[in-house]
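What follows is a short report on a single structure.
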Amino acid sequence: METEVEKRNPDCTPCRIVGSIGLVSIGAYLANAAFKNKTTPGKVLVSTISFAFVTLGVQRYKQQYPFNKNIQKS
């Protein structure tokens, strides 16, 4: 017998929204840190990581790779 929690879709819309907001927020924080960085290599490195987090946030919301796995229960 399944419980209410087990019946829920593991990738519901509120879960996707919260996850994508979290990833985009991390990217925004890193972009701010990159702006404050004094060295050019540091700015480039942190900006690249920031862009990666923002991209992951958008992909999470749109359910693109790597978040598009179909979870099937046996």
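Residues take their numbers from the sequence shown, with the count starting at 1. Values reported hereafter were calculated over all heavy atoms of this structure, with side chains retained and with hydrogens, waters and symmetry mates removed.
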Distance in Å, Leu23 CG paired with Tyr61 OH, rounded so as to fall on 0.5 Å steps
14.5 Å
Heavy-atom closest pair (Val24 atom, Val58 atom, distance to 0.1 Å) is CG2-N, 4.5 Å
Please round to the nearest 0.5 Å and tell me the distance separating atom CG of Leu30 and atom CG of Leu45.
10.0 Å
Check: residues 47-57 side-chain donor-acceptor pairs under 3.5 Å, at least two apart:
{"from": "Ser47", "atom 1": "OG", "to": "Lys43", "atom 2": "O", "distance (Å)": "2.6"}
{"from": "Thr48", "atom 1": "OG1", "to": "Val44", "atom 2": "O", "distance (Å)": "2.7"}
{"from": "Ser50", "atom 1": "OG", "to": "Gly27", "atom 2": "O", "distance (Å)": "2.6"}
{"from": "Ser50", "atom 1": "OG", "to": "Ala31", "atom 2": "N", "distance (Å)": "3.4"}
{"from": "Thr55", "atom 1": "OG1", "to": "Phe51", "atom 2": "O", "distance (Å)": "2.8"}

Does some side-chain heavy atom of Arg60 sit less than 4.5 Å from a side-chain heavy atom of Cys15?
yes
